[in-house]
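Residue numbers begin at 1 in each chain, while the letters A, B, ... track the order of the sequences.
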Amino acid sequence: MDNSELAELLNRVADAYELQGVEWKPAAYRKAANSVQNLEQDLLEIYRFHGIKGLIELPGIGKAIAEHIIELLETGHSKKIDSLLKKVSQSHSEIMQLEGVGPKKAYKLIEELQLSSIAELKAAAQQGKIRVLKGFGEKTESNILRAIEMHLQGKKRRPFAEMLKESQSIIDYLKQHAVPQKIDYAGSLRRRKDTVGDIDILVCTAQPEELMKTFTSMPRVDHVLAHGSTKSSVVLNNGVQVDLRAVPEQSYAAALLYFTGSKEHNIRIRALANRKGYLLSEYGLFTLTDKKPIACNSEKSIYKQLGLHYIPPELREVRGKFEATTIASLPVLVEQADLKGDLHTHTTFSDGNSSLQAMVQRAQDMGYSYIAITDHSISARIANGLSLDRLKAQWEEIDNIAAKFKIRILKGAEVDILKDGKLDYPDEILEQLHVVIGAIHSSFKMPASELIHRLTRALLHPCLDILAHPSCRLIGRRGPLQIDYKQVFKVAASNNKILEINSQPSRMDLHDTHILQARDSGVKFCINTDGHGTDEFAFMGYGIGLARRAWLTKNDVINTLPLSKLRRYLPRIPQ
DNA sequence: GCCGTTTTCGGCCCGACTGTTTTCAGTCG
């Protein structure tokens, strides 16, 4: 049983308790589920190495839940949980997940209408059976029908970059049609999560009502979920939900903190505030006793008042590291300005859209001191992979233009890792390349043991420097390779191989939990754009966001090094 | 069920909006 399966089970236990109206336990189980879901290590591994003590050390997991988990890990079942879940089918949990339906409504619907599936709920709604229930009405009935439609469409999380663009366009619209004094996106977008569920926007304005009206009547709004004087929610015609919140100026910092989340982070700092004699809400920080406001004009000043260092949005997740931030100083996270070059780029030689010269020029304009040109290798037919002749022609062109640029051009290749783990160019060619990036581009569904063998063999090749987009996922289209990543990370670490954090919006690979795990194995990283055109150098920020979410500092990332020191990791770069 | 720089017992973040009901429970973030 893996972490996500365990988390799902714990969530269903929470559902079961919630349906029964039990207090506090649902929150406790959800917290535990969340904790397990966000874990960088397999729970089974933790248990193997550290026993029950290792589990209890995790946030939100105490003796009782730890014992259930152990039973589940060892036998696949837990008596207590099995009997609880008998009362709550999968579809009961699904009904509770419908927008606007919580435990109370779900219980009433299930009990009074004797429901056992979403389909039956839909039928009941269509037959007008819901509106007659006490506490329900016509409006609720039609809301449930719509919620079912939305549920069936599936509320997919979308790639960060897509949602960033979406939020920017809404912010632009609001700036154009209303006059907000301040406006920011918040939520998981601001925390730079690789996928984003909905968009949260915060504004400060003198006319909140007017702004809410502008917002809910934007041309792209499909329907309005809520429309109040300070808070509204809409669903756009592409299915993206957007929440807008307006606060007065003196509350802006506290509101930004609150609206950025994560939910668990909010709960923790609000509880901490209470312990220190304060009340923290989106309106500000107040004394607990007489509710006197304490002037805080930035998030930083709020954290400071609570005795904390400033926690960057990317770190506001509960990963059991909150305590570290209260005691020691936080690490200085890697920033875009730290990067000295991009080690993974494509040109028109293979499947890029910009010429070699144009790519180098843009990299130089960005202030980089080196760029690796890494077009595809021969087997990547779809990507116009380079034959040996064309590869040599590329080297010639690099030699010819090198003098025109201040920036150093590194000869590289993104070499396919073939099915058997061999690299796609002969060794005598690989030895002449300054940077060899290995990547899997086909046969993703091989059995796990064969995939591990394939990757291990590639990582053991003396010429392979970097493993590109290691999990091979494409957000929303292809899941990550189903393998034991820890094994791969260990091989990479002990052979000084670099793992890539790929910044392509659809990849965002490695994922932050994998980065954390890999870093703990002793791996170094490089953050690359995998750019296929000059405009794609701008993607670098997405990879930086992932790295920051995984607590990476400059020292963890090799392309923050100047060329002279980069040779430590890429030894074939000539003087 | 979890947790503790007041606590091993008694708390558990806080406020807006909706719909149904006439003052608020339920839901959401």
Side-chain angles (χ1 to χ4, degrees), chain A residues 10 13-14 17-18 21-35 55-69 80-81 84 96-109 130-144 147 186-188 197-202 208 212 216 224-234 241-247 251 254-255 257-286 288 291 306-307 318 322-323 326-327:
Chain A
L10 292 171
V13 173
Y17 278 127
E18 215 153 41
V22 176
E23 278 193 304
W24 308 119
K25 288 191 189 192
Y29 274 91
R30 285 201 204 290
K31 207 175 183 183
N34 198 39
S35 183
L55 301 184
I56 289 175
E57 273 172 12
L58 300 171
I61 295 179
K63 189 160 172 280
I65 292 183
E67 279 169 358
H68 296 327
I69 289 175
K80 178 97 183 274
I81 289 180
L84 257 171
M96 282 178 62
Q97 279 163 27
L98 294 174
E99 166 90 42
V101 181
K104 299 283 161 55
K105 282 191 183 140
Y107 180 79
K108 196 146 189 189
L109 289 168
I130 290 177
R131 64 182 71 186
V132 297
L133 298 176
K134 192 164 183 251
F136 289 73
E138 269 182 59
K139 196 81 199 236
T140 306
E141 189 173 79
S142 67
N143 283 346
I144 287 175
S188 55
D198 54 22
I199 294 173
D200 301 306
I201 295 175
L202 179 68
M212 290 297 148
T216 52
V224 177
L225 291 171
H227 182 172
S229 58
T230 65
K231 185 179 166 180
S232 297
S233 293
V234 302
Q241 182 176 328
V242 188
D243 301 333
L244 180 71
R245 183 74 189 261
V247 295
S251 301
L257 182 63
Y258 153 74
F259 223 29
T260 297
S262 64
K263 184 180 162 71
E264 291 74 23
H265 183 78
N266 286 346
I267 290 173
R268 294 184 90 147
I269 55 171
R270 285 179 179 198
L272 177 72
N274 287 166
R275 289 200 297 277
K276 301 222 168 196
Y278 301 111
L279 173 81
L280 179 63
S281 76
E282 59 263 50
Y283 291 108
L285 188 65
F286 306 89
L288 200 50
K291 310 280 181 278
L306 298 176
V318 170
F322 187 82
E323 295 69 22
T326 66
I327 304 163

Novice: Could you write nucleotides 12-17 of chain B as a row of B, S and -, 5' to 3', where a protein heavy atom under 4.0 Å of any base atom gives B, of only sugar-phosphate atoms gives S, and otherwise -?
Specialist: BBBBSS
Novice: OP1 or OP2 of dG19(B) less than 4.0 angstrom from a side-chain nitrogen or oxygen of Lys139(A), does that happen here?
Specialist: yes
Novice: May I have the distance from Lys104(A) (atom NZ) to dG19(B) (atom C1'), rounded to whole angstrom?
Specialist: 16 Å
Novice: Distance check needed: dC3(B) P versus Glu264(A) CD, whole Å only.
Specialist: 14 Å
Novice: Give the rounded distance in Å between these two atoms: CD of Gln97(A) and P of dT27(B).
Specialist: 14 Å
Novice: Would you classify Lys80(A) as touching base, sugar-phosphate or nothing, given that sugar-phosphate means primed atoms plus P, OP1 and OP2, and contacts are heavy atoms under 4.0 Å?
Specialist: sugar-phosphate
Novice: Give every residue pair that meets the side chain to side chain donor-acceptor pair (under 3.5 Å) criterion with at least one member in residues 130-142 of chain A, sequence neighbours excluded.
Specialist: Arg131(A)-Glu141(A)
Novice: Should Glu67(A) and Lys63(A) count as an ion pair when the cut-off is N to O under 4.0 Å?
Specialist: yes
Novice: So does Arg270(A) pair up with Glu282(A), basic N to acidic O under 4.0 Å?
Specialist: yes
Novice: Between dT6(B) atom P and Lys276(A) atom NZ, what is the distance in whole Å?
Specialist: 8 Å
Novice: With the threshold set at 4.0 Å, does a side-chain nitrogen-carboxylate oxygen contact exist between Glu18(A) and Arg30(A)?
Specialist: yes
Novice: Just the rounded figure in Å: distance from C1' of dG10(B) to NZ of Lys25(A).
Specialist: 16 Å
Novice: Just call it for Pro26(A): base, sugar-phosphate, or nothing, with non-hydrogen atoms closer than 4.0 Å on any strand.
Specialist: nothing
Novice: When you look at Tyr17(A) and Tyr29(A), which way does the ring-ring contact (aromatic ring centres under 6.0 Å, His included) test go after all the steps?
Specialist: CA-CA 9 Å; Tyr17(A) 278 127; Tyr29(A) 274 91; 5.6 Å; yes
Novice: Quick one: list whatever passes ring pair (Phe, Tyr, Trp, His ring centres under 6.0 Å) with Phe136(A), sequence neighbours left out.
Specialist: none
Novice: Taking the P atom of each, how far is dT27(B) from dT21(B), in whole Å?
Specialist: 15 Å
Novice: In the structure shown, which nucleotide is the Watson-Crick or G-U wobble counterpart of dG1(B), with both distances under 3.5 Å?
Specialist: dC12(B)
